[in-house]
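Just so we're clear, the structure is a prediction, and the values are computed from it rather than from any experiment.
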Amino acid sequence: MWTNQSCSARKDVGFMATRLGEACAQSAGERRINERNKSRFKKTGHLLRGESICHQCPPSVRLPDVTAVIYLSRLQREEEEAYASRQQKAQPQPSITRFSKFEERKSKEKSSKVHTVTKFFTPSAKTPPKKDVAPQNVQASPSPSSSASHHSAVESDHATREFIDFLKPLKFGREIFKQCRAFTESMVYKRVRHWRLMNCLECVQDFYHNLSERLQTQFKGTAEEQVEAVMDEVEKYMMSRLYKEVFCPETTDDEKKDLAIQKRIRELHWVTIEMLCVPVDEEIPEVSDSVVKAITDVIEMDSKRVPKEKLACITRCSKHIFNAIKVSKKEAASADDFLPTLIYIVLKANPPRLQSNIQYITRFCNPSRLMTGEDGYYFTNLCCAVAFIEKLDGQSLNLSSEEFELYMSGQASPHWPQACGPSSCSSSSAALTQVHKRLEVLTGLGERQEQVIEKARQLESDLIDWTDDVEQKVQSILESFPTETQTPATSATTPAAASAIDADNIESELLPPPMQPQVFAG
């Protein structure tokens, strides 16, 4: 009997502790606290009467009176503490404040996802939104970056589907996808843009390294190309989702470097092919097409989101450059010819956000791709070309410092004819001779055009004189030989005329007489 009572007592202690713990939770309202108090007072009555509130035990089981008294005193003490706590917590509750701050932070995270990725003629997406804008105004006039955000989300979903389709045939595909998704989501939720960039870079590179080693262990005995293919898809999936967070972050000076290199390239617009010793003849149609394609590819690099795709643009640009050199020289191109031509292409293209793209590839591309292969080689040459442009001076172009400063300031240009000494004229004599020849041809064409215009005016005058002469002759002939006009018959046809009309008709006699009009009286 006492054993059953002890079991019931232990169950009652756990039940009452649970109920008292719920009563101490301040996030619940006053109504819930009152309801719990009523339930506890009801249970207290059962305890005072020695009744069991455990429904698993028979109703005949009773608790000792001493246990009921202990429970009652403890309950009264805890109720007093709860009442005092409610009085103190009548002020704004810190837990609710923390929850409101959490909601505010989540809303800021959601709103910050809508920003401009590639907008050059609109205000920067990094400008913080105005706090005094009402929600209805925001809905009435949506942000211009909404379409860009939608496009980014579509690309991320497309990359996710492609990644899943690629991993389906693999044995460990599900595990690889879970690891990549968990890492990507952790980077997004931790707000990569507020991290130090080096921490983010180390996390991504460590993940690449660890996953590559794990894949080499799992795919042991298979070709190395399979591991590289998996790593390429992993990079594509991760960077498609992290692009907005890690490309040109606010914690770096990439944007300032972009503006500086663009300004520098605009100032060097006067640099010619001869100054860079570029072995390309743009007068050849095939060479001109290759140059245009190379410029297009290096500009297109900024529209890509994955480091591998950006490197592919650089590779295509470089191959077009090699083709232009080969056609111009009619022999295979060398590395000494390639770098000056690449510098010339960059100067003509002035790619958008050049430094940001280079830094993005360096930080988040698969290291094995940058260290080996043609992609790494062409990317290294692009970095060298940008460094050369940044440090370009007169000596690099075989110019004096005075000439270089004049060209940079716009006070002079190598395309303008100017007085020069024998040393400088000898290098540009061929170009000046060609210019003079073309000017002579244009002058001759102008003289011939004036002669044609003069003869055309003379022909117009002759035609007018001939027209007047013809009109005068016709008028004189008409006056010399007047025409005879016959007056038309105004009366009815006479019988003689009628007979003359019917003279040729043989059967005219057989015709009935004509009807005469008759007047009938009303």
Side-chain angles (χ1 to χ4, degrees), residues 109-110 113-114 117-118 147-193 195 200-247 297 300-316 357 360-376 378-379:
E109 289 178 1
K110 291 181 181 178
K113 291 181 181 179
V114 181
V117 176
T118 309
S147 59
S149 177
H150 176 71
H151 181 68
S152 175
V154 170
E155 288 188 358
S156 299
D157 295 339
H158 182 67
T160 302
R161 288 194 297 269
E162 289 185 350
F163 188 50
I164 294 174
D165 295 339
F166 175 80
L167 294 177
K168 280 182 180 179
L170 301 181
K171 181 179 180 181
F172 304 97
R174 184 181 296 273
E175 180 182 355
I176 295 172
F177 178 74
K178 287 182 179 179
Q179 294 176 359
C180 295
R181 183 178 63 180
F183 176 79
T184 305
E185 291 179 351
S186 65
M187 296 286 286
V188 173
Y189 291 144
K190 289 179 180 179
R191 306 305 299 162
V192 177
R193 63 179 61 186
W195 286 16
C200 177
L201 174 60
E202 291 175 0
C203 290
V204 174
Q205 294 298 333
D206 289 344
F207 182 81
Y208 283 159
H209 179 71
N210 295 333
L211 182 61
S212 178
E213 290 183 348
R214 194 178 301 113
L215 291 176
Q216 290 177 359
T217 303
Q218 293 176 351
F219 297 145
K220 192 173 183 180
T222 60
E224 185 71 19
E225 289 77 8
Q226 187 174 3
V227 178
E228 292 296 330
V230 174
M231 291 301 301
D232 291 344
E233 293 297 326
V234 169
E235 176 191 295
K236 181 178 180 181
Y237 167 73
M238 291 176 51
M239 291 299 104
S240 295
R241 300 192 63 185
L242 296 176
Y243 179 79
K244 297 187 297 182
E245 310 294 338
V246 299
F247 183 82
D297 288 330
E300 187 182 1
M301 174 180 61
D302 184 63
S303 63
K304 304 301 181 181
R305 300 169 62 88
V306 184
K308 180 183 177 181
E309 296 176 355
K310 293 181 180 291
L311 286 175
C313 293
I314 299 174
T315 302
R316 292 196 301 270
N357 284 284
Y360 175 72
I361 295 173
T362 305
R363 293 165 183 163
F364 301 103
C365 183
N366 191 352
S368 61
R369 188 179 299 109
L370 291 180
M371 296 178 183
T372 58
E374 61 179 1
D375 291 344
Y378 295 140
F379 178 71

Rounded at 0.5 Å granularity, tell me how far [atom1] in [X] sits from [atom2] in [Y].
{"X": "R241", "Y": "R181", "atom1": "CZ", "atom2": "CZ", "result": "8.5 Å"}
{"X": "C180", "Y": "E185", "atom1": "SG", "atom2": "CD", "result": "11.5 Å"}
{"X": "L311", "Y": "Y378", "atom1": "CG", "atom2": "OH", "result": "12.5 Å"}
{"X": "M231", "Y": "N366", "atom1": "CE", "atom2": "CG", "result": "5.0 Å"}
{"X": "R363", "Y": "M239", "atom1": "CZ", "atom2": "CE", "result": "12.0 Å"}
{"X": "K304", "Y": "I361", "atom1": "NZ", "atom2": "CD1", "result": "12.5 Å"}

Distance-only donor-acceptor hits, side chain of residues 163-179, under 3.5 Å, sequence neighbours excluded:
unit_1, atom_1, unit_2, atom_2, d
E175, OE2, Q179, NE2, 3.3
Q179, OE1, R214, NH1, 3.0

Among side-chain atoms of H209 and Q205, is any donor-acceptor pair under 3.5 angstrom? no
Nearest heavy-atom pair of [X] and [Y]: which atoms, and what distance?
{"X": "Y208", "Y": "P367", "value": "CD1-CD, 4.3 Å"}
{"X": "K310", "Y": "D302", "value": "NZ-O, 3.7 Å"}
{"X": "M301", "Y": "N357", "value": "O-OD1, 3.8 Å"}

Please assess L211 against F183 for the test side-chain contact (heavy atoms from CB on, under 4.5 Å), listing each intermediate value before the final yes or no. CA-CA 11 Å; L211 182 61; F183 176 79; over 6 Å; no
Residues that T315 engages under side chain to side chain donor-acceptor pair (under 3.5 Å), provided they are two or more places apart: D375
Qualifying residues under side chain to side chain donor-acceptor pair (under 3.5 Å), relative to E162, sequence neighbours excluded: H158, K236
Checking side-chain contact (heavy atoms from CB on, under 4.5 Å) for the pair K308/E235: CA distance, chi angles, key distance, verdict? CA-CA 8 Å; K308 180 183 177 181; E235 176 191 295; 3.5 Å; yes
Side-chain touch L242/F364, heavy atoms, less than 4.5 angstrom: no
Can you label the angle between the Y243 ring and the F247 ring as parallel, tilted or perpendicular, going by 30° and 60°? parallel
S156 (side chain) donor-acceptor with S240 (main chain) under 3.5 angstrom: yes
